[in-house]
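Here is the structure we will look at.
Values reported hereafter were calculated over all heavy atoms of this structure, with side chains retained and with hydrogens, waters and symmetry mates removed. All chains are named by letter (A, B, ...) in the order of the sequence lines, taking the proteins before the strands, and each is independently numbered beginning at 1. In this text, all values refer to a predicted model and were calculated from it rather than measured experimentally.
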Amino acid sequence: MSDLTEEYQLEYFREEGFVRRECPDCGDHFWTRDEERELCGEPPCEEYGFIDDPGFDEAYSLTEMREAFLSYFEDHGHERIDPYPVAANRWRDDVLLTQASIYDFQPLVTSGRTPPPANPLTVSQPCIRMQDIDNVGKTGRHTMAFEMMAHHAFNAREDLEDPDQYAYEGEVYWKDRTVELCEGLFEDLGADIEAITYIEDPWVGGGNAGPAIEVIYKGAELATLVFMSMEQDPDGEYELKDGNRYSPMDTYIVDTGYGLERWTWMSQGTPTVYEAVYPEAIAFLKENAGIEHTDTQEDLIHRAAKLAGRMDIDEAEDMATARGEIADRLDVDVERLEALMEPLEEIYAIADHCRTLAYMLGDGIVPSNAGTGYLARMVLRRTKRLVDSVGVDAPLDELVDMQAERLGYRNRDTVRDIVRTEVEKYRETLERGGRRVEGLAEEYAERDDPIPLEEIIELYDSHGIQPDTVEEIAAEYGAAVEVPDDFYSLVASRHGGGALDDGSEGVDDRVVDLPGTEKLFYEDQERTEFEAVVLDVIERPDAGEDGGTLYDVALDQTMFYPEGGGQPGDTGTLATDDLTAEVVDVQEADGVVLHRADADPGKGEFVRGQIDATRRRRLMRHHTATHVIGHAAREVLGDHIRQAGAQKGTESARLDVTHYDRIDREAVKTIERVANDMVRENLAVTQEWLDRNDAQANYGFDLFQGGIPAGTEVRVVTVGDDVQACAGTHVGRTGELGAVKILGTERVQDGVERLVFAAGDAAITTTQRTEDALYEAADTLDVDPPAVPDTAERFFEEWKARGKRIEELKEQLAEARAQGGESGEELDLGDATAVVQRLDADMDELRATANALAEEGTVAVIGSGVDGATFVVAVPDGVGINAGEVVSELAGRVGGGGGGPPDFAQGGGPEAEALDDALEDAPDVLRRKLEA
RNA sequence: GGGCCCAUAGCUCAGCGGUAGAGUGCCUCCUUUGCAAGGAGGAUGCCCUGGGUUCGAAUCCCAGUGGGUCCA
């Protein structure tokens with residue numbers, strides 16, 4: 001077994017006269033030009049040495065520093081590329097947010113399947129790390145949003161037998177050049193390169209690993225140089241810090257990260273990073289919140305900030321303890337320090353959070369209850385709480401907009417609209433929650449009990465109310481609340497970890513060995529017949545719907561479109577001279593199209609393929625219509641509209657789009673109109689294979705609506721102004737759609753709306769179905785279709801009025817019966833009288849009659865033979881008979897049951913024929929109950 | 001992607017197998033006529049939709065629709 005020590009013996013270090021040392025404090029090995037140096041230079045071994053003593057020649061703003069970095073690397077042979085969105089889930093499904101520049105190139109570029117946009121390249125990539133959220137503002141150095149400046153080089157081993165297997169070849173540069181470039185940058189900025197230390201710190205992550213170097217200057221880690229060159233391998237020769245074994249890869253990648261904010265901070269030497277990065281925002285917020293400091297206070301803040309930078313808040317779990325220690329060192333009162341620092345910390349956090357929101361919303365993330373949208377919602381709500389707590393009265397959308405403007409976003413109106421909508425939603429949630437808590441607090445305060453933990457968890461988990469909010473409100477009502485320290489892990493335990501089902505079917509070995517199928521459907525989308533050779537037939541382990549055996553037939557070429565991109569696979573037939581096999585489904589695995597058929601045409605046979613042309617045409621129309629609808633929706637609702645999913649069928653299709661509000665009827669009609677304008681213009685639908693990096697550079701990230709495909713080339717489908725990477729089949733011109741009809745919308749989740757629509761003959765069919773329903777309703781009401789709404793309303797109103805009238809009449813009837821003589825025979829029970837009567841009416845009438853009798857002071861036993869046998873028994877006040885018991889006994893005789901309160905009960909059973917017998921026994925039952 | 005919660009009068013909600021309720025708003029009258037006035041009376045419900053269980057469902061079960069919320 002070997003470790004990575006050898007990997008750090010750089011030619012560059014030798015030539016430049018570096019020495020390798022071991023830090024006596026932390027034990028790390030590092031390289032330095034300074035022979036006298038003992039410590040590694042990284043906190044906590046050493047302190048920040050740049051506060052009030054900047055490490056570069058000049059002070060740089062964020063923008064200036066970014067430009068200095070990018071142009072330095074441009075001057076040294078790197079191509080500058082545009083940053084990617086912060087929503088990393090737009091090109092990979094394993095993460096939500098972009099947390100490092102290398103995320104831009106995972107997994108397709110790093111694995112060598114897709115070429116990088118340039119090589120070598122430099123980028124300043126906006127990143128968001130939610131992990132640090134609690135530290136933001138407090139430590140002086142943590143930010144949630146940051147830009148990772150980077151230079152990357154993608155190398156492939158030069159001694160490979162088959163260099164073509166990767167999308168890039170040969171070595172661009174490796175470790176020596178990387179360190180040299182890094183040091184050159186320091187020199188350019190006027191740093192004292194003698195003071196830089198390079199700490200050996202092997203990197204492991206996501207199945208890859210390699211040597212890495214932390215670059216420390218004046219106590220701050222300014223860069224990390226990662227040399228990704230190994231992959232996890234049980235038989236690998238290197239065992240690394242995660243306990244796994246690794247072996248070298250064919251590709252090796254220079255992955256660097258330079259924190260833009262830290263470099264800017266270093267150049268200014270301000271007490272905290274925030275003052276260096278957001279000077280305008282902080283000045284604005286301070287003024288708005290009315291925060292002013294005397295010179296002595298200012299001095300104290302300055303001294304406290306320096307100490308805050310030294311504290312490792314991650315380890316000092318408890319903020320209060322950390323604060324206490326700082327107060328001790330400064331020899332001031334903790335309360336005084338806290339009163340001074342807390343508003344400032346909140347303002348720092350607000351500035352950072354607003355920038356985070358600007359990135360998220362500007363890049364098209366729509367707040368939601370799921371995915372990245374949920375993270376955006378969390379940040380927004382947290383920010384709103386901070387803004388309220390510190391007393392800033394500027395609307396949140398304005399604060400976010402300030403950052404969006406600075407970052408150069410163009411969709412600022414939409415961003416503001418989203419923020420306003422979200423703030424309003426949050427307000428409603430708080431209001432709802434507040435009422436709920438008040439109710440609970442009152443209840444428990446009355447009983448003098450503390451509000452149980454279960455309730456607190458329920459309030460948070462189901463209603464989104466923070467425990468401290470509950471405490472606040474509860475205190476007003478004098479109710480106690482106990483929130484344990486591990487509250488949030490208790491909540492987490494409520495969400496039992498569901499087992500991940502990995503949907504990967506596992507590709508059959510025989511399929512892997514087959515050559516990729518030639519896809520004829522891209523060459524001519526109108527053709528429906530073809531001839532092919534059967535390369536292999538694999539019997540499916542699972543039977544078809546009717547129990548018959550199914551076979552996966554692989555051909556050398558095919559017209560059958562395999563399921564993909566929301567378009568179902570084609571159906572049709574494969575015929576030899578001897579038999580015709582029905583193709584019920586078509587899938588693709590590893591480049592091989594598998595025709596799932598109900599018969600085995602025989603390996604090596606010639607087959608004539610015929611696809612179901614009508615079905616295919618409908619699917620094609622719906623696929624093109626999906627692009628048209630998506631484009632129309634974006635035009636009508638805004639640029640944040642993106643595809644969140646799609647499914648095409650023969651009768652209709654659906655497109656899920658990201659949107660922060662319900663799509664109302666008016667918007668639906670407008671989208672429908674715009675879509676049909678596109679149809680009437682009869683736009684050409686073109687399909688071409690383009691170099692992916694060119695296409696991405698031309699059309700931007702919005703090109704990829706339905707996921708990111710691998711490869712050097714992408715298939716691009718253009719419909720008018722709409723351009724998308726798409727592998728599906730399409731009609732030639734939009735005119736072939738005939739008409740597009742939106743059938744409805746539904747909310748899939750918060751922030752995602754589903755548009756259901758139909759095109760062509762399907763649009764006609766579905767519209768006719770809706771019309772049929774209307775005509776039928778009109779026919780029933782005996783009016784013309786346009787009169788249906790008014791008539792329906794009138795009928796409904798009348799129906800309700802009639803119901804009320806009937807109620808009234810039943811009451812009157814009941815009273816008349818009770819007072820009139822027809823109320824059966826009276827029965828003397830001694831203390832009271834009773835009436836036993838059969839009255840074939842519904843339950844309402846029975847109840848009314850029994851009540852009326854009871855009000856007259858008579859015990860009432862009424863039985864009905866309508867719909868089985870039912871009884872109602874009413875007992876006046878002061879009579880010692882339990883109505884429930886009487887009913888229970890009577891109902892038992894008709895095969896049922898019953899019950900109710902002692903003064904009024906009802907019941908019944910299915911045996912109507914036993915009703916009269918039961919009523920005859922009723923007087924006996926009453927007497928017995930009275931005696932009991 | 002998963003979990004949990006909710007749907008009842010115009011509004012806010014209670015009721016959780018046995019005659020649909022409260023507060024507020026609304027209408028009428030009285031007392032008054034100043035800042036959330038007081039008193040008396042009254043009207044207002046497909047208890048979200050569809051199935052099921054039951055003698056009986058607003059109430060229990062299942063599905064759907066609409067909303068809320070937490071987690072990854």
Which part of the nucleic acid does A:Phe871 contact within heavy-atom distance under 4.0 Å: base, sugar-phosphate only, or nothing? nothing

Identify, between A:Arg435 and A:Ile465, the residue whose nearest nucleotide on RNA chain B lies closer to the 5' end. A:Arg435

By the 4.0 Å heavy-atom rule, please label A:Gly907 as base, sugar-phosphate, or nothing. base

Phosphate OP1/OP2 of B:rU12: any A:Arg436 side-chain N/O under 4.0 Å: no

Pairing partner (Watson-Crick or G-U wobble, both distances under 3.5 angstrom) of B:rG1: B:rC71

Less than 3.5 Å apart, any donor N or O on the side chain of A:Gln131 or A:Gln99 sitting next to an acceptor on the other? yes

Closest heavy-atom contact between A:Cys127 and A:Ala100? SG-N, 3.5 Å

Looking only at atom P, what distance separates B:rC11 and B:rC26, rounded to whole Å? 15 Å

Please state how far atom CD in A:Glu443 lies from atom P in B:rC13, giving the value in whole angstrom units. 16 Å

Would one find a side-chain N or O of A:Arg747 under 4.0 angstrom from OP1 or OP2 of B:rG67? yes

Please work out if A:Asn851 contacts a base, only the sugar-phosphate, or nothing of the nucleic acid, heavy-atom cut-off 4.0 Å. base

Got a salt bridge between A:Glu889 and A:Lys929, using NZ or NE/NH1/NH2 to carboxylate O under 4.0 Å? yes

Which whole number of Å gives the distance between the C1' atom of B:rU8 and that of B:rG2? 30 Å

Separation between the P atoms of B:rG51 and B:rG39, rounded to whole Å: 47 Å

Ranking B:rG45, B:rC70, B:rA20 by distance to the side chain of A:Arg847, first place goes to B:rA20

Would you say A:Arg662 reaches B:rG67's phosphate, i.e. side-chain N/O to OP1/OP2 under 4.0 Å? yes

For A:Gly464, answer base if it contacts any base atom (sugar-phosphate contacts may also be present), sugar-phosphate if it contacts only those atoms, and nothing otherwise; contact means non-hydrogen atoms under 4.0 Å. sugar-phosphate

Can you tell which of B:rC70, B:rU19, B:rG45 lies closest to the side chain of A:Gln906? B:rU19

Looking at B:rA63, which nucleotide sits across from it as a Watson-Crick or G-U wobble partner, both distances under 3.5 angstrom, or is there none? B:rU49

Identify, between A:Tyr488 and A:Glu428, the residue whose nearest nucleotide on RNA chain B lies closer to the 5' end. A:Glu428

Given the P atoms of B:rG10 and B:rA57, what is the spacing between them in whole Å? 24 Å

Rounded to the nearest Å, what distance is computed from the CD atom of residue A:Gln466 to the P atom of nucleotide B:rU69? 12 Å

Taking the P atom in each of B:rC16 and B:rU69, what is the distance between them to the nearest angstrom? 28 Å

When you check the gap from the basic side-chain N to the acidic O, do A:Arg928 and A:Asp924 get nearer than 4.0 Å? no

Looking only at atom C1', what distance separates B:rU54 and B:rA7, rounded to whole Å? 24 Å

Measure CD1/A:Ile862 against P/B:rG56 and give the value in whole Å, please. 20 Å

Please state the P separation for the pair B:rU31 and B:rA40 - nearest whole angstrom. 15 Å

Under 4.0 Å, heavy atoms only, any strand: does A:Ala905 hit a base, just the sugar-phosphate, or nothing? nothing

Nearest whole angstrom, please: distance from the C1' of B:rU69 to the CD of A:Gln749. 13 Å

Quickly work out the A:Met378 CE to B:rC70 C1' distance and round it to whole Å. 8 Å

Gap in Å between the two P atoms, one belonging to B:rG1 and one to B:rG64, rounded: 15 Å

To the nearest Å, how far apart are A:Glu807 CD and B:rU19 C1'? 10 Å

Whole angstrom is fine here: how far is it from CZ in A:Arg427 over to P in B:rG67? 18 Å

Regarding A:Gly371, tell me which of base, sugar-phosphate or nothing describes its non-hydrogen contacts under 4.0 Å with the strands shown. base

Does A:Arg662 pair with A:Asp664 as a salt bridge, N-O distance under 4.0 Å? no

Check the side chains of A:Tyr660 and A:Arg420 for a donor-acceptor pair under 3.5 angstrom, ignoring hydrogens and angles. no

Under-4.0 Å side-chain N/O to phosphate OP1/OP2 contact, A:Lys800 with B:rG45: no

A:Thr429 side-chain proximity, nearest of B:rC46, B:rG68, B:rU12: B:rG68

Could you check how far CE of A:Met843 sits from P of B:rA58, rounded to whole Å? 12 Å

What is the nucleic acid contact for A:Lys810, judged by heavy atoms within less than 4.0 Å: base, sugar-phosphate only, or nothing? nothing

Below 4.0 angstrom, N of the basic side chain to O of the carboxylate: do A:Glu428 and A:Lys425 qualify? no

Within the 3.5 Å criterion, strictly below it, is a donor on A:Arg92 or A:Gln106 matched to an acceptor on the partner's side chain? yes

OP1, OP2 of B:rU69 versus side-chain N and O of A:Arg381: anything below 4.0 Å? yes

Does B:rU24 have a Watson-Crick or wobble partner in any strand here, with both distances under 3.5 angstrom, and which is it? B:rG10

At under 4.0 Å between heavy atoms, what does A:Glu458 touch on the DNA or RNA strands: base, sugar-phosphate, or nothing? sugar-phosphate

Of the candidates B:rU44, B:rC70, B:rC5, the side chain of A:Ser462 sits closest to B:rC5

Going by 5.5 Å between centroids and 30° between planes, is there a stack of A:Phe904 over B:rU19? yes

How would you label the contact of A:Arg377 with the nucleic acid (heavy atoms, under 4.0 Å): base, sugar-phosphate, or nothing? sugar-phosphate

Taking NZ, NE, NH1 and NH2 as the nitrogens, is one of them in A:Lys804 or A:Glu807 under 4.0 Å from a carboxylate oxygen of the other? no

So, under a plain 3.5 Å distance rule, would you say the side chain of A:Asn369 forms a donor-acceptor pair with the base of B:rU69? yes

Complementary nucleotide of B:rU44, counting Watson-Crick and G-U pairs under 3.5 Å: none

